[in-house]
Number of protein chains: 2
Amino acid sequence: MAQTETTKPNPTVPGRPCPAAGALRLVGEKWSLLIVRELLLGVRRFDAIARNTGAPRDRLAARLRALEEAGVVERRAYSERPPRHEYHLTDAGRDLAPVVTALAHWGSTWLYDEPPVVFHHRDHVAALDTTPTCTACGSPADHLTPHPHS
Amino acid sequence: MAQTETTKPNPTVPGRPCPAAGALRLVGEKWSLLIVRELLLGVRRFDAIARNTGAPRDRLAARLRALEEAGVVERRAYSERPPRHEYHLTDAGRDLAPVVTALAHWGSTWLYDEPPVVFHHRDHVAALDTTPTCTACGSPADHLTPHPHS
DNA sequence: CAGGTCGGTTTGTTTTTCCAACTCGCCGGG
DNA sequence: CCCGGCGAGTTGGAAAAACAAACCGACCTG
């Protein structure tokens with residue numbers, strides 16, 4: 001659900017109208033997707049996120065605020081006095097998992113002498129397939145089409 | 001195939017060892033993924049890419065060179081005198097399609113009052129599913145696992 | 001009370017980014 | 001021949017962002 005269920009801002013971007021450009025305005029800044037990665041992995045504390053991403057602390061603070069404002073991250077107080085917070089993903093944030101996974105898959109395929117990202121499903125370990133599929137016929141939909149709106 | 005088939009550089013990243021971080025070093029810079037989007041759509045000329053992405057011309061030139069060096073983009077001369085080039089994706093570059101598609105899907109779902117990115121397959125128009133799947137059992141693999149190497 | 005943790009903010013410096021203007025080589029009129 | 005225009009960049013300078021390191025306040029722990 002869109003946060004607060006008001007109509008969405010429908011941000012305009014320069015160049016080709018395309019939702020990928022809008023998405024990149026939010027999560028395309030440096031460190032943002034690594035922060036989301038940590039949150040997807042269940043890391044919730046400022047210091048831990050800073051360590052695990054390598055982001056400078058001031059950038060991390062700024063990104064977390066921006067992501068919170070965008071409705072991707074939720075900040076929960078786990079202690080008054082001293083004020084302490086932990087960070088959680090919203091539904092929108094969790095929906096970024098395919099983006100992070102696709103990046104990881106591409107990276108392990110093309111950048112590293114390693115097997116592609118593995119997926120530990122119940123009792124087996126296997127590679128992933130990040131190809132998007134058509135919801136109508138289930139076949140791979142791996143070529144881009146220009147955005148059809150307006 | 002990895003360009004020149006030498007062993008890959010295996011770049012190290014600060015923080016958690018994760019191929020997503022390596023991928024973001026290359027394509028996480030501003031404009032890079034929008035450039036890849038244009039190339040996926042078949043746009044090959046400098047000026048057209050600049051218009052369609054909104055990127056400043058000097059940044060576009062820098063990103064194209066970086067992507068070329070990384071083996072994501074190939075620059076082909078289509079005219080000597082004056083030297084003119086057009087840009088194509090390598091196999092590695094085309095493999096970024098799932099990343100761009102996942103971003104577009106997320107953007108249209110959470111940022112716009114629009115139906116999610118559509119896919120024009122042969123004779124039907126339908127939404128996409130960007131959830132990665134397990135190659136072994138075919139089930140959705142939408143939770144992240146820490147990278148198991150080293 | 002000394003030292004340590006957590007979640008930041010501040011400070012000063014280095015890098016990037018941006019934009020507009022300019023270049024270079026050529027082509028097509030007039 | 002001269003003029004303008006196009007494609008594909010490059011250059012210069014100013015503004016914005018990122019960086020690293022130090023600092024801070026409110027606790028806890030020994």
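All heavy atoms count here, side chains included; hydrogens, waters and symmetry mates do not. Bear in mind the structure is a predicted one, so any value in this text is a computation, not a measurement. Every chain is numbered from 1 and lettered A, B, ... according to where its sequence line falls, protein lines coming before strand lines.
- Cation-pi contact between B/Arg51 and B/Phe46: absent, since separation from the ring centre below 6.0 Å together with deviation from the ring axis within 45° is not met.
- Contact check, B/Trp31 against C/dT17: no side-chain N or O comes under 4.0 Å of OP1 or OP2.
- When rounded to the nearest whole Å, the span between CZ of A/Arg59 and P of C/dT16 equals 15 Å.
- Each of A/Lys30 and B/Arg75 was matched to the nucleotide of DNA chain D holding its nearest heavy atom; the match closer to the 5' end belongs to B/Arg75.
- No hydrogens or angles considered: a donor-acceptor pair under 3.5 Å links the side chains of A/His88 and A/Arg76.
- Along DNA chain C, the nucleotide nearest to A/Tyr78 and the one nearest to B/Arg63 differ in position, and the one closer to the 5' end is contacted by A/Tyr78.
- Close to D/dA8, at under 4.0 Å from its OP1 or OP2, lies a side-chain N or O of B/Arg45.
- The shortest distance between the side-chain N/O atoms of B/Arg65 and the OP1/OP2 oxygens of D/dG9 is below 4.0 Å.
- Rounded to an integer number of Å, the gap from CG of B/Leu60 to C1' of C/dC18 is 14 Å.
- To the nearest 0.5 Å, atoms CG (B/Leu26) and OG (B/Ser32) are separated by 8.0 Å.
- A salt bridge links B/Glu38 with A/Arg16: the distance from a Lys NZ or Arg NE/NH1/NH2 to an Asp or Glu carboxylate oxygen falls below 4.0 Å.
- Residue B/Leu64 contributes atom CG, which lies 11 Å from atom P of D/dA8 at whole-angstrom precision.
- Whole-Å rounding puts the A/Arg57 CZ to D/dA18 P distance at 17 Å.
- In this structure, the CG atom of B/Asp47 is 9 Å from the C1' atom of D/dG9, given to the nearest Å.
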